[in-house]
Amino acid sequence: MTARTLFEMRFSCRSFDTAPLDPETIEVVLEAARWAPNGGNLQPWRFVVVLDSDRRRAVADGAYGQGFLAQSPAVITVCAVPDESASKYGPRGRDLYCLQDTAAAAQNILLAATELGLGSCWVGAFDEAAIRRILELPQSWRPVALLALGRPAEAEPRRTRRPLSEITLWYE
Ligand SMILES: Cc1cc2nc3c(=O)[nH]c(=O)nc-3n(C[C@H](O)[C@H](O)[C@H](O)COP(=O)(O)O)c2cc1C
């Protein structure tokens with residue numbers, strides 16, 4: 001599958017078959033995350049995999065009741081470790097690079113999941129303090145994205161994007 005096919009196939013899936021995913025499948029997508037570009041190759045990211053249904057329900061509550069997080073058989077929380085980026089790059093590392101690094105890792109997870117025929121959704125609307133508590137995260141980890149993963153129970157929706165002409169500035 002080409003990269004182009006993959007990013008056109010990926011869509012935000014919010015309805016899942018509840019059948020569990022095996023750990024090997026989840027490891028494939030985590031492996032993809034590891035290869036994301038990142039500032040200074042510091043890899044200031046951590047991944048928290050939640051399979052158990054009680055904790056997934058709690059995560060869904062922490063994400064303002066987005067119930068598909070409880071329905072999807074796996075939720076991966078992508079966390080940044082801002083101190084690790086700051087140790088080399090100061091405030092720019094803390095406030096920008098570690099977030100860019102983890103966003104790149106999250107996108108790799110979504111594309112790897114797409115290649116495996118899985119549905120996925122990036123969830124950014126959540127109560128950080130609640131998610132920290134539910135996942136018992138170390139103080140130095142900042143949860144950045146919740147990624148719902150599972151077999152899709154919905155057809156691929158038609159999506160639109162703004163045209164290139166509207167979002168591009170060229171100097172020739
Ligand atoms: C930073 C970020 C935050 C997002 N937060 C949510 C969210 O909280 N809930 C949700 O259902 N989708 C969320 N999404 C998914 C977007 O709604 C979705 O990517 C967008 O509508 C485009 O649709 P597509 O992913 O199918 O191309 C988020 C995506 C990103 C990148």
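Counting starts at 1 for both ligands and their atoms, following the listed order. Just so you know, residue 1 is the first one in the sequence shown, and it goes up from there.
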Looking only at protein heavy atoms, which one is nearest to [atom], and what is the separation?
atom: atom 21 (O) of ligand 1; answer: Arg14 NH2, 4.3 Å
atom: atom 22 (C) of ligand 1; answer: Arg161 NH1, 3.7 Å
atom: atom 5 (N) of ligand 1; answer: Gly124 N, 2.9 Å
atom: atom 9 (N) of ligand 1; answer: Gln66 OE1, 2.7 Å
atom: atom 19 (O) of ligand 1; answer: Ser12 OG, 3.3 Å
atom: atom 30 (C) of ligand 1; answer: Trp122 CD1, 3.6 Å
atom: atom 27 (O) of ligand 1; answer: Arg159 NH1, 2.5 Å

Should we count CD of Gln139 as having more than 12 external heavy atoms under 6.0 Å?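 Counting other residues, nucleotides and ligands, CD of Gln139 stays at 12 neighbours or fewer.
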Show me which atoms of ligand 1 lie under 4.0 Å from any heavy atom of Ala125.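 Heavy-atom distances to Ala125 below 4.0 Å select 8 (O).
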I'd like to check which ligand 1 atoms, numbered from 1 as shown, lie under 4.0 Å from a non-hydrogen atom of Phe11.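 Result: 26 (O).
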For salt bridge (Lys or Arg N to Asp or Glu O under 4.0 Å), just list the numbers for Glu128 and Arg133, CA-CA rounded to whole Å, side-chain angles, deciding distance to a tenth of an Å, and then say yes or no. CA-CA 9 Å; Glu128 250 182 73; Arg133 194 171 55 247; over 6 Å; no
Tyr64: heavy atom below 4.0 Å from ligand 1, yes or no?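 In this structure, Tyr64 fails to qualify as a contact of ligand 1 - no heavy atom is under 4.0 Å.
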Quick one: do Glu136 and Arg55 make a salt bridge, cutoff under 4.0 Å?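 Judged by the 4.0 Å cut-off on N to carboxylate O distance, Glu136 and Arg55 do form a salt bridge.
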Test salt bridge (Lys or Arg N to Asp or Glu O under 4.0 Å) on Glu84 and Arg46; report intermediate values, then the result. CA-CA 11 Å; Glu84 289 185 358; Arg46 303 292 185 275; 2.5 Å; yes
Please work out whether any backbone atom (N, CA, C, O) or any side-chain heavy atom from C-beta onward of Cys121 is under 4.0 Å from ligand 1, and answer side chain, backbone, both or neither.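 Looking at Cys121 and ligand 1, just side chain atoms fall under 4.0 Å.
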Please work out, at 4.0 Å between heavy atoms, whether the side chain, the backbone, both, or neither of Phe68 comes within that distance of ligand 1.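 The answer is the side chain of Phe68.
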